[in-house]
Amino acid sequence: MYIAKEIYCSLTGLTRIVHAKMMNNITMESRKKPGNIIHLDMDAFYASVEVLDNPSLKGKPVIVGGRVQRGVVSAASYTARFFGVHSAQPIAVAKRLCPDGVFLPVRMDRYREISRQIFEIFHRFTPLVEPLSIDEAFLDVTDSTRLFGDPEKIALNIKNLIRAETGLTASAGVAPSKFVAKIASDLGKPDGLTVVSPEQVRQFLEPLPINLLWGVGNKTREYLALLSVRTIGDLSRLPAEILRRKFGKHGVHLHLLSNGVDRRNVVPVIKAKSIGHEETFMEDILDIETAEKELLSLAMKVAQRLRKKGLKARTISLKVKYNDFTRITRSVTLMKAIDDGGEIFRNSSALLKKSDTGIKAIRLLGISVCLFESQNRAKQLSLFDQDAVSTKKRELNRALDFLSDKYGPEKVLPGTLVKPPGQNRRL
Amino acid sequence: MKIIIEKKFLLEALSRIQGIVEKTSIKPITANALIKAEKSSVSVSATNLQIGMTSFCENINVIEEGIISINARKIFEIVKELPEKYITITERDNYRIKIESGEDLKFNILGLPPEDFPNYIKEEEKEFIKWEKEKIVNFIKLTSFSMSKDETNPNICGVFIENIENSLIRIVTTDGYRISIVDDILGEKIKKEKGIIIPYKAVFELNKIMIEKEDEKTVYLAISKNSLLVKIGDVEVFIRLIEKQFPEYKMIIPGDGKKTAKTKIEKNSLKATLRRMSIISSVNNSPVIFSFRGNNLELFTEDSELGSVKEKLNLKKNNDKNFDFCINCHYLLDILNAVDKDVVIEFNTEEENKPIVVRPYDDEKIKYIIMPMIV
């Protein structure tokens, strides 16, 4: 969306500052009758978290990604963006554009932790929260206004709470529909609050390039350019019939969107369908032994998350991506639901033996589990006295979970995962 | 090597090995078939290092003796599609193999050095015992469903075979939650005190061959320290045994006592009822509750997201005592699919969570034990 914004600026011939002012205008005018969907998006999320954890980086061009993501930028601070660095850009290009940049590895666990805090704040205002990614969500606050005030006030409240509780900034877009809210929050970044009222929607969309519409890719854009349709306004004036004939149902949808009509609801995620962890390695893994070590570490993490949610899973899936980018997944469904890291490891390493590990180099390993059973369900008894063992295991896991809650993750590890001092292969 | 062989024979031998050749390329040689021509006989072999198989075709026109190694899947596909009755296979230089069918059709396929092919049959163990084939097939039918396929517990991933008293041979399979025990006189005793465990994949392959070889009455077995060689007609199967300790299953078998209630149930009506139960129970593996009430057996299961089902079965005999237990109904269905008689269910009426025994009516040689579920 960052790139889209640049196009918007160059298209309208506005500098960033003027453009921001214009956004302000819309905000001011729309106060009369605001919409009821809020799109919230953290500003340069990964990079901001890094600055938060290391304040000496403040104001410096921070670039997250690179080594782990195989030479691609995952996130760039606004200072770095000033140099032209942006997400999905090859790290080599970023280094050329911004040689003094601070290049940091991705610390997914930490981002997830903060993400949880942010989503917890969202849920204080409405149960209708639809996550789009780790740092981005739609909120439907239609029924929350009596309790918390108008949507703009709610958005402002959320922004303030995020700043107070995490120290980070978010941008919000308030609009009558999902897609307008998303465009609005993007255009107001960083630390923006853009409100588009129902009457304002057309005026707001009018000058925007059509590729900001969801579902308009290169092909569609090329075709529409032939009809000299370049802005969403142009598109809204095109008879629906033309679009329907060319693109069918999708065309009708585009016509509606360009006229500001988006009937899609905010769909909250109620429960997780699967829990998983994966790791892309700095160096390809060539031997089974190393792969198994990584698998054990992944299994321990997955198991801990299962236990935290009070779930047990019956299906264990292994994902292997080789260095030629081919990918396989293998899974097994057990008779008994499990939540123990060792058991998850044993099952996934049996699956690993069905892969080409040891023959082809591996760049990514992942374990995910699904088919959950909550712990109070009926339990199948074993013939051979394994129940005593599982009681012991359960107690051990409880102790481990307690330690990791108290002292942080990966402080107590299985012996094979303890690295000699000074050696840190994984990022 | 140069042979002229009838398509039918070669196709049979090649289709037999498809079950054991590796699909993934862990070791290319394990995806290959070895074709050997000697005197007037041609043998086709394959191995995945756990199971090896050789089929012999006799009275073949061997023009030149020799050995070739070729991708097993591909040669099977090729032979299947050849139009003529006879096929000519010729070895050329650099492991290239020419396959001809008539004058107009030639495949040129790259093979691998046959020297790399693992020689899995050890010559030293050739002392065979004889077993009745039909009885083995029946054994497998009665027990194979409860073998574990969970390779994290390798000691139960197969059938356990041991000698018991009165020249009986016993076969036991378990997945940790249920156990199947069948005793019968098969033939000679096995020459291994502690018994043997045959991996489940090998059991399925043997079963296929035994069913395919309709005319064979006898199966020959040679057991060595860690392997088993089985001969069925012109097919030899080499199996690496599971060298693990099978669990102490004898302690689990409940003895007869005052506390045990026995109820005979008609097979077909119970099977039909359980199939109805499983529509609901299979969604989330819910337990089926068996409630014995006088001369009725009430069955009930529910799924929190789907709904429930309840059915009453009339028993011929009146039970003095009401009793309930819960089981995974698939365990009982598997038994009903394997046995061809009405069944007797035995359970402990005094204590809960004890194993449930299921036997065919009037047959002491077959016994199934199922562990209940706790709700």
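Chain identifiers are assigned alphabetically (A, B, ...) following the order of the sequence lines, protein sequences preceding nucleic acid strands; residue numbering begins at 1 within each chain.
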Interchain contact, B:P372 with chain A, by part (heavy-atom threshold 4.5 Å):
both

Does some side-chain heavy atom of A:L381 sit less than 4.5 Å from a side-chain heavy atom of B:M373?
no

Over 12 non-hydrogen atoms of neighbours within 6.0 angstrom of CD in B:E298
yes

So, do B:M371 and A:F384 sit near enough that their side-chain heavy atoms are less than 4.5 Å apart?
no

Do other residues, nucleotides or ligands put more than 12 heavy atoms under 6.0 Å from the CD atom of A:E120?
yes

B:E151 side chain vs A:L351 backbone, donor-acceptor pair below 3.5 Å
no

Just so I know, are the side chains of B:D175 and A:L383 near enough to count as touching, which here means a heavy-atom distance under 4.5 Å?
no

If you count heavy atoms of other groups shown closer than 6.0 angstrom to NZ of A:K360, is the number above 12?
yes

Can you tell me if B:E248 has over 12 outside heavy atoms packed within less than 6.0 Å of its CD?
no

Rounded distance (nearest 0.5 Å) linking atom CZ of A:R314 with atom CG of B:N285:
4.5 Å

Verify the neighbour count for atom CZ of A:R264: are there more than 12 heavy atoms of other residues, nucleotides or ligands below 6.0 Å?
yes

Could you tell me which portion of B:I179 (side chain, backbone, both or neither) has an atom closer than 4.5 angstrom to a non-hydrogen atom of chain A?
both

As a quick check of understanding, evaluate side-chain contact (heavy atoms from CB on, under 4.5 Å) for B:D150 and A:N347, giving each step before the final call.
CA-CA 8 Å; B:D150 169 11; A:N347 282 289; 3.9 Å; yes

More than 12 heavy atoms of other groups within 6.0 Å of A:R327 CZ:
no

